[in-house]
Amino acid sequence: MLLLPQALVDGLLIGGIYITIAIGFSLAYGVMHIIDFAVGEWIMLGAFLGLYLSQWTQVEPLLLLPVVFVVFAVLGYLFQPVIHRVLSGKKGNPLLMALVFTFGLAIAFKGLGLTVFGFFSRSIPSAMAADSFTFVRGDFFVTIPVIRLIGLAYAIAVTLALSWILKRTDFGLAVQALAQNKEAAGLMGISAKRTNSWVYGIYVGISAMSGVLIGCMFSISAQMGGKYTVFSFFVVVLAGMGFLAGVPWAAFLLGMVQSFFLIYFDPGYTLLAVFIILYAVLLISPKGLFGKGV
Amino acid sequence: MRRGIFAFWLFIGLMAVVPAFVQNAFVLRIVTELFMWIGLAITWDVMAGYAGYLNFGHGAFFGAGAYTTAILMMRCGWTFAATLPVAGLLAGLAALLAGIPTLRLKGAYFAIATWALALAIQQLALVLDITGGPDGMRLPPFLHPVFFFYVMLAVAAVTFLLLWLLLERASFGLKLKAIREDEAGAMALGLNPARIKIQAFVLSAVPAGVLGGIYAFWITFIDPASVLADIITDQAMVMAVFGGLGTLLGPVIGAIVVFSFKTLFWAYLADYQVLYLIILGVVIALTVVFLPNGIWGTLTGQIQARNALIKGMAIDPAQGRHPEQGADSND
Amino acid sequence: MTVLKLVSVSAGYGETQVLWNIDLEVEKGCIVALLGANGAGKTTTLKTVCGLLPATQGRLYYNGVDITGRPVHETVNLGITLVPEGRQLFGKMTVEENLIIGSFLKRAKEHRARNLAWVYELFPPLGIRRNQIAETLSGGEQQMVAIGRGLMQNPDLIMFDEPSLGLAPLLVQEMFRVIGELHRRGLTVFLVEQNVHHSLKIADYGYVIENGRIVHQGEGKQLAADPTIRQAYLGI
Amino acid sequence: MTEPILRVDGVVKAFGGLHAVNDVSFEVGKGMIVGLIGPNGAGKTTIFNVISGYYAPTRGRVFFKGSDISGLPPYALAKMGIGRTFQVVKPFPGLSVLENVMVASLCRHPRKHDARRHAWDILEFTGLGPRAHDAAASLTLPGRKRLEISKALALEPQLLLLDEVVAGLNPTEADRTIELILKLRDQGISILIVEHIMRVIMNISDQVVVLNFGQQIALGKPVEVVKDPVVIEAYLGEEAA
Amino acid sequence: MKSAFAIMSWMLVALFLVLPQTAAAQRDYYKVGVITSLSGDLATGGNVTKRGYDLWAQTVNAAGGIEIDGRKYKVELVYGDAQSKPDQGASAAERLATQEKVDFVLGPYSSGVTLAAAPVLEKYKIPMITGSAESPMIWLQKFYYTFGTIPPVNYTGASPVETLAALDPPPKSAMILGSNDTFSKATAEAFQEAAKQAGIEIKKFNIVPAGQDLMSFMSVAKALKPDLVAFGGHDEELINLVKALLQINYTPKALLMHYGVTEPAFVEALAKNAEQVYGASVWTETVHAKGDYLWADAAAYAKDAEAAFKVPADYTQAGSTAAGIAFMAALGQIKAAPPLDEAEREALVKALEKLDIQTFYGRLKFAEEGQFYHANIGLSPLTVQIQGGKPVIVGPPSEAQSTPQYPMTPWEKR
């Protein structure tokens, strides 16, 4: 019981990380219907850019987030036409083709990462990494690590920013329109190619930024991608594929499951529980917890 | 078709005499592994190519088979041969139980659900005692290259033959394709999609389980990281897509090409291991972009296109005429 | 002056050719109707005009400019608007968002406020339901949104694909009233309809399409009077 | 009176709160052609989907040869002898024309060899023989409609549900299809047909059911129905009334 | 259909043709197979072993080779990448045995690969010394041809716990966790066993799935307030654990991990926060070891290693190099010139069993029986602690170069 407040807080904070890795992916899926196997690799590449930039400039890595975003957004923007070509292929099954294509990308990026960054695990040194707030009341206590709080704040900020863009700007409306009805969006003068490129750029940029945050909280290595890809997929599925507003809740749910299992049950079964819950949710409500997937 | 069957037996015959000429255990091992991948690629394609369902948990059937053989041999004292049917049956049973709820899902949902299930099974093997947890299980080394060569060849060949009979000769393949093309439409024609999909799922799982059983005895050591890893499904998928989906020969050719490339690279260019990943990744991506039908699909596609052209000219010579209007006679 | 001109245009989906050497013209300020049975190629014609489908043959001119092969988001920018069959609304957005997205392009954005007011004036129910989610509207209201969204694009040429489809008779009349109103405002209207009575009554000129070919054309009233046409294509 | 092939008894189908079909009752007697008409959105396709098992009725029953079939799945009904076509034609695009029909033939002829022969017979009958080996995707609309009928026929149905098989055809083709339908009727197959084109319905139907906004507004012989002012108003628009 | 089979047949024929056939039998150098994970999940460790093996080969060859009866024979390494997968390890073993006809093999990094490769080498009667396979599982299998220079974790794990228990006051309670892989789990179990022996109360013992976010778990530590937090895991997990403790702001009196803390990457990633972390090891560059082969002492080895690879050497690399030295010493004793035939390889195994030598790595002596069968029991397990950015030996007292710093300086005071 003593740990209940801490378990709740931990769940939220872990959830924050899941939001950061899944929100961009959810957007990309919602608009382009692409299941990107390389999401973890974008995170990995972003993390290493953050590491090298902060080593080179000696600037606090968290302050470099915008730089990482811009670099990867441009990369993603330039990359999208290739993906577009795969998705709009007339032959075969575009879903499968995109899956296999991004699977190939993920392998190539991982190989590239291993070549350039080597095998060793690293850590991005942030000045905030060791700070925390502790609240004590009687036997109860809650510790909130600053870096995780920043992660959560970042996650919420990105979520809010995305929903603001989607709701309040013409570009956002265009993105929504494209997600809901591609042909009609074209009739409104929305260029699917260009909008998709922007969306893909934003997604890649957000994922890369998440990598930097993850590097501040955990260790990073060229082989880290796969793990984050799995969780990114699962959060997006739980949320309802392409349903952006569901992402935070799905992420928090997963975070809570993890934190409660680690603290109250046999931690050995944590991941087993996570996968079974995911499977069960898919069976009961394929469109996610909220039944609102695109 | 008769010539096709003849060619198949010729191929099996050729392969069957290989050990008489090639005594090299390493070469036999490589080819044995190749047979295994052929088996996995064609069974994966049953769901992906014929039924239109991406099974991301195919490796779990393989792993279930491997663990069945290992557990029965090590914990119950069975002989290897006796465990294989059980490995197949158990994988089939798993497919039946998992398939009934999971096959209601479509597209990406099915893919991710099967993936989640496979990951859950891997986690289960990691926490159970009977599987040895992360330590895995060791089997008594038999290590007879020719024996495993023939066993693997036999299972792969029987699998191929079985699938060929069911999917290409008998009506099952046609039903499956009809469901792939349009599930709702197929129902109106008397097909029960749920049942046919389950049958296909079981059909793809049983050989995978048997192959897993052989693998366990062959390699003598299994653990959750090796037989229940994503990489098994991923590799079968890459092979099948590379070769061409929805055919039996496509995945076979894909398996041969991808596996040969991998093995040769591995054997001769070990110093460039990391480059291997980059090359493999880029090749996969480029294949998808430029050969979306795979190698075999592209080859036969061209043949089909040529045939269609010839036929089209015979039936409908006047360009721009409505094809329907000239179509009164039968052939 | 000819606003839209199709010269021997062919088009289709994949290997299936649907349109065969279509020639037609739409004069400025006129209502032109394209009539025909289900599957005759009416919708395909509209899609080809606005660039949703590429023409495999022939050329398209808009105000004398060759627009063959232009993608849809460019033709729209020239002032060609299509109100598609089956509404094609953005179902999860509100009525107002649907209308606003109509004025996405720069040429329309500057008139956004004015056009929005006009649309609400033209379709009073939309003003009341401006914050309602589009897919929860009734069929008639959805059609209003679709037309309103088209008007938000500030079009010079507006094309309707079966605007009366699935509407109760009273609403059908309402739709045609609105189309007439647009015409009075000086818009050029290209109309595809199954409801022959109404269409030919308001159309200045009509084309009849069958199996992807134009088989008859003439003044609206003249077509309406032709019994063979009524019999063969209109099923009456 | 003998039990009709098909009896629809007070069928209601609601989606959410919306009644797509509300209290529809009619019968199709053996060897009869019954026409089902009504404007777009009247619920014709919905009632088809209820009869062929795609939707379970919210209320009411459907009887086939006297036995209650409400709620049975489509494939069970197909096996019992109900064949249907789809308004939006649904060929299996990646399969050849012959294979498309074979899928249906398998229902009565489980051996592939027999099914192939049967499918050839059907294709000869419907005139699609020369296209047998082409991909179904390459057919034009009339061809697809013909294929749709071929598939339904391959089930050797006792009751055939035809959903707009004439719409979209030019007059010659339409006449050929009507001929085909009459030929089927003469073979003893009972037919329920949805059609837009009144001429078709009026010429071939023994009975006509008229729907409007989900309600059954008329039922009777074509000559009677066509005079019914309610029908004229609903179906042809107020102008024609 | 027919053409497809023709294509397939041709492809297979081509495959047979390009696969190397038997290598020439006569040669005047030792052909040494290296099976290790150069790619895949365990590539980090695999490449460390490779460096160790490479450094041995380079140094031997620079000195002219291995001297047998007055003649020097060079060594040539042939790599077989196990890709971190057991089956590929077995494949590699088969290739090295049949294609390359190697004289002996330097072994894999992980226990899974070792368990799959060892039976194959048994079959061909080829001796293997693995530089780094620390799971107790391997030695329980009693492979006749397989040896190891690094003792298993159940041999070494007790040492740091004993060192801590000897402190005054000693840690009274512990929380022990291990990642759910075979090495980490065995490590955690070894810690648990030693803690029980030492009378330290175990407040919590858990095996967690690999790669877990450990923050919540460290929250539990913060509530239970154990004096000792002990963890079995791989490199990235060790870094994650320290960062989790930092984030939750709990400094146990002692933080114990295993070999991993001596890896340069650990200190590099964590900098000042790596300070005072305990680990177990059998070698550091400061260990007192006088070598009779190639390097005179640990420091000399460390210097060469740094020069060769620009990275400080750790115990894995040293153990791998020592594996080469063991072969070299045994060969010298049986005086067998390359290539080795089956009888000579048999003799080599016998010589290895009898081997008892001093190297820069410490004493090499393989157990001839018991649960450590063929593992190196010549070394005394060391307790190390990161002090001043380097692993320093703090126990057992006979080997200690510095005193253990206990309790740990709280994170915020660093």
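Chain A is the first sequence line, chain B the second, and so forth, proteins listed ahead of strands; every chain is numbered from 1.
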Novice: Against the six-membered ring of E:Tyr145, is E:Lys125 placed for a cation-pi contact (under 6.0 Å from the centre, within 45° of the normal)?
Specialist: no
Novice: For the pair B:Phe217 and B:Phe80, name the ring-plane relationship: parallel under 30°, tilted 30 to 60°, perpendicular over 60°.
Specialist: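 Ring orientation, 0 to 90° scale: parallel.
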Novice: Could you list all the salt bridge (Lys or Arg N to Asp or Glu O under 4.0 Å) pairs where at least one residue sits in residues 10-23 of chain B, not counting sequence neighbours?
Specialist: none
Novice: Quick check on E:Gln88 against chain B: is it the side chain, the backbone, both or neither that has a heavy atom closer than 4.5 Å?
Specialist: both
Novice: Chain B: which of E:Ala92, E:Pro209, E:Ser111, E:Ala210 shares the most heavy-atom pairs with it under 4.5 Å?
Specialist: E:Ala92
Novice: Considering only heavy atoms, which portion of E:Ala117 lies under 4.5 Å from any heavy atom of chain B: side chain, backbone, both, or neither?
Specialist: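 When you check distances to chain B, no heavy atom of E:Ala117 falls under 4.5 Å.
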Novice: Using heavy-atom distances under 4.5 Å, tell me whether E:Tyr124 contacts chain B through its side chain, its backbone, both, or neither.
Specialist: side chain
Novice: Kindly write out the residues that satisfy side-chain contact (heavy atoms from CB on, under 4.5 Å) with B:Thr32, not counting sequence neighbours, or none if the list is empty.
Specialist: B:Phe148, B:Phe149, B:Met152, B:Trp218
Novice: Based on non-hydrogen pairs under 4.5 Å, which of E:Ile207, E:Asn180, E:Asp181 is most in contact with chain B?
Specialist: E:Asn180
Novice: Looking at B:Gly132, B:Pro141, B:Pro134, B:Gly250, which has the largest count of heavy-atom pairs under 4.5 Å with chain E?
Specialist: B:Pro134
Novice: In terms of heavy-atom proximity below 4.5 Å to chain B, should E:Ser91 be classed as side chain, backbone, both, or neither?
Specialist: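 Looking at E:Ser91, backbone and side chain both touch chain B.
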Novice: Anything under 30° is parallel, anything over 60° is perpendicular, the rest tilted; go ahead and classify E:His374 against E:Phe147.
Specialist: parallel
Novice: I'd like to know if E:Glu94 and B:Arg29 make a salt bridge, using a cut-off of under 4.0 Å between side-chain N and carboxylate O.
Specialist: yes
